[in-house]
Asks: 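First the structure, which I've put down as structure tokens, then a few questions once you've had a look.
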Amino acid sequence: MSKYRLRGRGRVDSSKPVVFTFDGKPYTGLKGDTVASALLAHGVHLMGRSFKYHRPRGAIAAGSEEPNALIGTRRGPGRFEPNTRATVQEIWEGLETTSQNKFPSLKWDVGAVNDAAYMMFSAGFYYKTFMWPRSFWDKVYEPFIRAAAGLGVSPTEEDPDTYASRYSYCDLLIVGAGPAGIAAAREAAGKGLSVILVDENPEMGGTLLSEPQSKINGKAAWNWLEDELAALQAAGVKLMTRTTAIGYYHENLIALVEKLTDHLPTLPEDTPRERMWRVRAKQVVLAQGALEKPMVFHGNDRPGVMLAGSAQTFLNRYGVKVGNTPAVVTSHDSAWYAAFDLQDAGAFVQAIIDTRAQVRQDLQDEARARGIPVKLSHTVTATGGRLRVNNVRVNPVSGGTNVGAGQWIKCDALLMSGGWTPSLHLFSHTKGSLTWDDDLTTFLPKDTPEDCVITGASRGLWGVEAALRDGAARVGEALAKLGIGSSASEYSVEDDRTGSGVMMRELPTDRSPGKAKAFVDFQNDVTAKDLRLAVREGMRSIEHVKRYTTNGMATDQGKMSNINGLNIAADALGKKQPQVGLTTFRPPYTPTTFGAFAGYHRGEHFEVVRKTQIDAWAEEHGAVYEPVGQWRRARYFPKAGETMDQAVTRECAATRASVGIFDASTLGKIEVVGPDAAEFINRMYTNPFLKLAPGKCRYGLLLGDDGFIRDDGVIARVEEDRFHVTTTTGGAARVLNMMEDYLQTEWPDLNVWLTSTTEQWSTVALNGPNAAKLLAPFVEGIELTEEAFPHMSCVNCTVAGYPARLWRVSFTGEIGFEVNVPAPYGRDLWEKLWEAGQQYDITPYGTETMHVLRAEKGYIIVGQDTDGTVTPADAGMDWAVGKKKADFVGMRGLARPDLVAPNRKQLVGLLTEDNSWLEEGAQIVFDPKQPIPMKMVGHVTSSYNQGTTGRPIALALVEGGHSKMGETVYIPMPDRTIAAKITGTVFFDPENSRLKI
Amino acid sequence: MIQIHCPYCGETLPELEFAYAGEAHIERPLSPSEQSDEQWAEFLFLRENVKGPHFERWRHLHGCGRFFNAVRNTITDRFYITYKAGEPRPDLATLLEEDK
Ligand SMILES: [Zn+2]
């Protein structure tokens with residue numbers, strides 16, 4: 001049995017030893033232990049090093065609020081997690097744990113040199129180093145901060161665990177299963193309601209687990225607890241342990257994280273590690289209890305210095321004495337009980353040091369009866385001991401501030417209590433308002449906009465009986481809103497421990513407060529001195545003080561530091577606490593794994609990948625893909641050993657020489673149908689559509705009402721009242737949304753239906769001189785001749801036996817067809833054309849070749865050659881704007897003064913003088929000799945090196961470009977400046993001679 | 001997550017099904033060409049940016065697809081009312097009174 005373990009005491013199982021390791025050394029604990037309680041049972045207090053100063057630290061608390069004892073836990077490959085609180089992690093046979101922030105070892109740490117340089121790293125350190133001296137940043141500060149910043153180390157392997165995600169709905173959700181939460185659940189149980197009671201701990205009971213001495217309605221506390229939980233279970237209340245309510249969101253949506261396997265020695269099959277629940281509750285009861293405040297004095301972070309209530313938890317719940325000769329320093333009655341419990345358990349309490357002059361007589365009498373020395377009106381001014389406290393310096397105080405001579409008292413632990421802070425985190429998530437209570441020197445909950453009540457210690461009620469009665473009463477308000485009457489059950493508690501105390505800032509000291517290392521935020525190493533310095537340096541709001549000092553910004557979210565920090569800042573500012581304000585609590589309540597948030601959305605499920613019916617063929621033929629919106633599209637089809645440039649050059653040449661085949665299925669498609677379909681299209685697009693005959697296609701340009709290009713595509717009038725509209729691949733949803741907006745809200749009188757048909761059609765494009773020859777044998781219903789089926793025609797016919805919408809269109813400058821067949825037939829059609837195309841050396845090409853071929857013809861790609869500030873005139877596309885139309889979307893916008901102003905950026909071609917390739921996005925200047933910063937007059941929008949013109953071509957937006965044909969502009973690059981001549985945008989076959997069959 | 005009542009579906013559904021669509025009751029002029037530059041600029045660009053109850057449009061994007069109007073408090077995200085497109089702007093004072 002380990003040295004500090006009390007056999008048979010607590011809720012751990014003495015018959016079940018569990019061996020785990022800490023920094024490689026094996027320790028034996030008991031089933032039910034946390035890593036912290038098991039280490040403390042062996043007298044191990046040193047569990048980690050602090051973040052900034054690398055000071056030795058031990059567990060200060062016993063629960064999820066612990067700021068110091070952060071460890072790494074490992075369970076084989078991939079299952080490493082840093083920053084686990086040793087006070088939460090349950091031990092299991094074989095668990096490997098390691099301390100953090102130490103090198104080379106926890107006991108001898110090189111980084112502790114920071115501690116010696118304490119004066120350098122005070123408040124605002126991060127901000128000051130950002131500013132001065134600049135030259136130090138790269139070589140000194142950044143490497144230092146990078147090495148020192150962050151807690152623990154990130155896992156390097158992929159997480160092999162699964163994380164589940166579930167929704168749940170209930171009438172009543174109760175957060176916190178201490179006395180108040182259990183009493184609330186009991187009131188609601190058996191009334192036909194769905195009730196969920198959650199608690200972050202492995203077992204329910206809250207403070208009762210640490211205070212077994214009380215008797216509730218005549219029953220011993222732990223018997224009462226067992227009976228109550230059984231009764232709740234029997235009444236159908238859903239009890240969830242190891243489940244943390246991490247956030248409270250709009251309209252009673254509460255996020256719960258349920259930990260399922262972290263406590264198990266072997267992982268069960270098919271069980272997720274964690275499950276994120278999104279619970280929509282009709283009513284919520286918050287019963288999260290209160291957190292104990294540390295006291296602020298020099299050396300309050302030494303291992304062995306811990307919260308008195310936590311020492312009581314280690315003793316009563318885990319059967320572990322945190323020391324044999326502890327001392328107690330407090331300003332609150334509750335710590336006296338911790339002293340009594342420890343003394344009764346066989347420890348020798350060296351002193352109870354209370355800052356108050358007056359303390360309840362019954363407490364003093366009990367201390368005297370146990371032989372514990374009591375020092376009222378005393379302060380603590382220092383602690384001693386290298387890696388563990390071994391004495392404490394105690395001084396009398398008179399008149400509040402006069403500190404007398406110090407005296408060292410030996411001790412092996414120092415228990416402190418600065419009183420209690422209601423846990424208001426979730427209440428604050430609801431945007432609930434708080435009110436300052438002068439007597440309790442803390443904030444209390446006031447109003448909340450959500451359907452929620454808060455009860456027990458969370459609203460400043462101390463003691464088991466008060467919590468039970470309040471839980472039973474307050475849940476009545478929630479039940480009444482659910483239409484259920486109730487009368488609160490009665491509770492009477494014997495040996496209840498209630499108490500009161502006073503608020504202290506830093507404890508008074510006879511030493512220089514400027515040299516005191518009196519910690520307020522233990523995890524971020526923020527001292528009282530830092531907070532006062534922040535105020536002296538001009539921080540006035542608590543939000544500024546917080547960011548300047550990082551007080552409350554660590555992973556414990558200021559659970560221990562916020563109120564002490566506020567008290568000290570308020571004192572330094574000479575204001576009352578509510579005038580200084582409390583920083584905002586934000587979810588999550590405790591650190592939460594990325595896995596829990598991601599749930600199923602990982603790997604292939606992270607985002608939808610849309611694939612066409614022809615995608616698999618492309619994969620089989622070695623396509624290299626690129627993402628376009630959510631689609632993956634074949635970018636090029638390299639042959640063995642080909643680079644992208646070589647493949648694209650070959651694909652371009654083959655298409656222009658014979659025939660290329662291209663999967664255009666991702667193009668957005670919208671079916672516009674109804675008696676007013678032509679009128680609608682005519683109003684939406686710049687081009688005239690009223691007179692477009694059925695069987696004809698027309699290019700359409702879509703503007704916003706501001707006059708800027710939004711999208712484009714070919715539109716076919718399939719029938720009198722039916723249009724097949726195409727959009728850019730990425731713009732489909734946006735265009736449909738815009739069309740619906742105008743149709744529903746501006747022109748509800750138009751009788752038109754819009755339907756997305758993008759996924760309904762497979763679209764195979766054939767381009768090249770042999771395209772008609774290849775396709776003709778497959779087509780029934782139309783002759784593919786210049787006369788019967790001229791360029792920009794469409795027809796409903798049969799292709800390869802499939803019903804088809806056949807279009808004669810070209811985005812390459814070659815003879816072109818787009819065959820639309822019902823989506824499932826796409827691959828079969830493609831393969832038939834592929835087979836028959838072998839006689840023409842048919843070549844499949846991807847988006848890269850499509851881009852080159854269109855750029856050679858000066859066809860724009862919306863979103864690449866335009867950026868939301870380009871008009872049709874800027875793009876040289878005035879021809880697409882109907883001049884006789886009464887109105888279309890964007891028509892009035894085109895007349896705006898800025899849009900008709902001279903010197904707008906206009907789309908032009910660029911040919912480099914030295915035949916070099918330009919980088920897309922590169923900036924353009926007129927005069928390369930002007931001083932820096934140069935005036936930039938445009939940028940390269942598209943640039944290709946692989947085309948059929950035998951030289952690199954580029955498109956660019958250039959100020960006044962249309963009137964600068966033949967002039968030279970310059971593109972400064974890091975290594976040189978490239979000169980280029982402004983040209984028209986058509987680089988290939990300007991006469992359009994190749995479109996004729 | 002907010003829940004929003006779609007006046008067309010008649011159901012209160014999670015925010016995820018909906019898309020915000022800007023300020024409500026901004027009507028596109030019937031004859032844009034007759035608008036002055038100032039009028040057109042106001043129509044295009046000027047919005048209230050209210051802190052508090054705001055008349056705004058939403059679309060039941062992943063449901064019925066309809067655009068509708070709403071009055072939402074931009075501080076608390078509380079929806080006072082949702083109503084069909086084309087229905088008149090409700091009286092704000094009455095709404096706020098009813099909400100008490
Ligand atoms: Zn709807």
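To find a chain, count down the sequence lines: A is the first, B the second, and so on, and within it residues start at 1. Please read all numbers here as calculations on a predicted model, not as lab measurements.
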Asks: Would you find more than 12 non-hydrogen atoms of other residues, nucleotides or ligands less than 6.0 Å from B:Asp91 atom CG?
Replies: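 Correct, the count exceeds 12.
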Asks: Which residue out of A:Gly893, A:Pro449, A:Ala895 racks up the most heavy-atom pairs below 4.5 Å with chain B?
Replies: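 The candidate making the most pairs under 4.5 Å is A:Gly893.
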Asks: Using every non-hydrogen atom in the two residues, find where A:Asp705 and B:Trp40 come nearest and quote the distance to one decimal.
Replies: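 Looks like O-NE1, 3.3 Å.
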Asks: Can you tell me how far CZ of A:Arg896 sits from CZ of B:Phe45, rounded to the nearest 0.5 angstrom?
Replies: 3.5 Å
Asks: Report which part of A:Glu746 has an atom under 4.5 Å of a heavy atom belonging to chain B: side chain, backbone, both, or neither.
Replies: side chain
Asks: Pick one of side chain, backbone, both or neither for A:Asn252, based on which atoms fall under 4.5 Å of a heavy atom in chain B.
Replies: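 Contact with chain B is absent: no heavy atom of A:Asn252 under 4.5 Å.
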Asks: Atom CZ in B:Arg66, atom OG1 in A:Thr745: separation rounded to 0.5 Å?
Replies: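 One finds 10.5 Å between CZ of B:Arg66 and OG1 of A:Thr745.
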Asks: So which atom in A:Glu251 and which in B:Met1 form the shortest heavy-atom distance, rounded to 0.1 Å?
Replies: CB-O, 4.3 Å
Asks: With a 3.5 Å distance limit and no angle check, can you tell me whether A:Arg892 reaches the backbone of B:Gln35 through a side-chain donor-acceptor pair?
Replies: yes
Asks: Among B:Asp77, B:Leu30, B:Leu61, which residue forms the greatest number of heavy-atom pairs with chain A at distances under 4.5 Å?
Replies: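 Among B:Asp77, B:Leu30, B:Leu61, the one with the most close pairs to chain A is B:Asp77.
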Asks: Decide if atom CD of B:Glu87 counts as having more than 12 heavy atoms of other residues, nucleotides or ligands within a radius under 6.0 Å.
Replies: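 Yes, enclosed.
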Asks: Please indicate whether A:Lys883 has more than 12 foreign heavy atoms, meaning atoms of other residues, nucleotides or ligands, lying under 6.0 Å from its NZ.
Replies: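 Check passes, neighbour count above 12.
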Asks: With a 4.5 angstrom heavy-atom cut-off, which part of B:Ile2 approaches chain A: side chain, backbone, both or neither?
Replies: both
Asks: For atom CD of B:Glu42, is the number of surrounding heavy atoms from other residues, nucleotides or ligands below 6.0 Å larger than 12?
Replies: no
Asks: Could you look at B:Thr12 and say if it's the side chain, the backbone, both or neither that has a heavy atom under 4.5 Å from chain A?
Replies: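 B:Thr12 has no heavy atom closer than 4.5 Å to chain A.
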Asks: Give me the atom names and distance for the closest heavy-atom approach of A:His250 to B:Thr76.
Replies: CE1-O, 3.3 Å
Asks: Under the side chain to side chain contact (heavy atoms under 4.5 Å, CB included) criterion, do A:Asn737 and B:Phe67 qualify, and how do the steps go?
Replies: CA-CA 10 Å; A:Asn737 190 71; B:Phe67 284 85; 3.9 Å; yes
Asks: Could you look at B:Arg78 and say if it's the side chain, the backbone, both or neither that has a heavy atom under 4.5 Å from chain A?
Replies: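 Contact with chain A involves no heavy atom of B:Arg78 at all.
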Asks: Which bit of A:Ala886 comes within less than 4.5 Å of chain B, counting heavy atoms only: side chain, backbone, both or neither?
Replies: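 The backbone, not the side chain.
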Asks: Side chain, backbone, both or neither: which part of B:Ser33 has an atom under 4.5 Å from a heavy atom of chain A?
Replies: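 Looking at B:Ser33, backbone and side chain both touch chain A.
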Asks: Is it true that atom NZ of A:Lys481 has more than 12 heavy atoms of other residues, nucleotides or ligands lying nearer than 6.0 Å?
Replies: yes
Asks: Highest number of heavy-atom pairs under 4.5 Å with chain A: which of B:Glu15, B:Arg59, B:Glu34?
Replies: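 Looking at each option in turn, the highest pair count goes to B:Arg59.
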Asks: What part of A:Arg278 gets within 4.5 angstrom of chain B, counting heavy atoms only: side chain, backbone, both, or neither?
Replies: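 Neither part; nothing is under 4.5 Å.
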Asks: Side chain, backbone, both or neither: which part of A:Asp887 has an atom under 4.5 Å from a heavy atom of chain B?
Replies: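 The answer is the side chain of A:Asp887.
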Asks: What part of A:Phe888 gets closer than 4.5 Å to chain B, counting heavy atoms only: side chain, backbone, both or neither?
Replies: backbone
Asks: How far does CD of B:Gln3 sit from CZ of A:Arg280, to the nearest 0.5 angstrom?
Replies: 3.5 Å
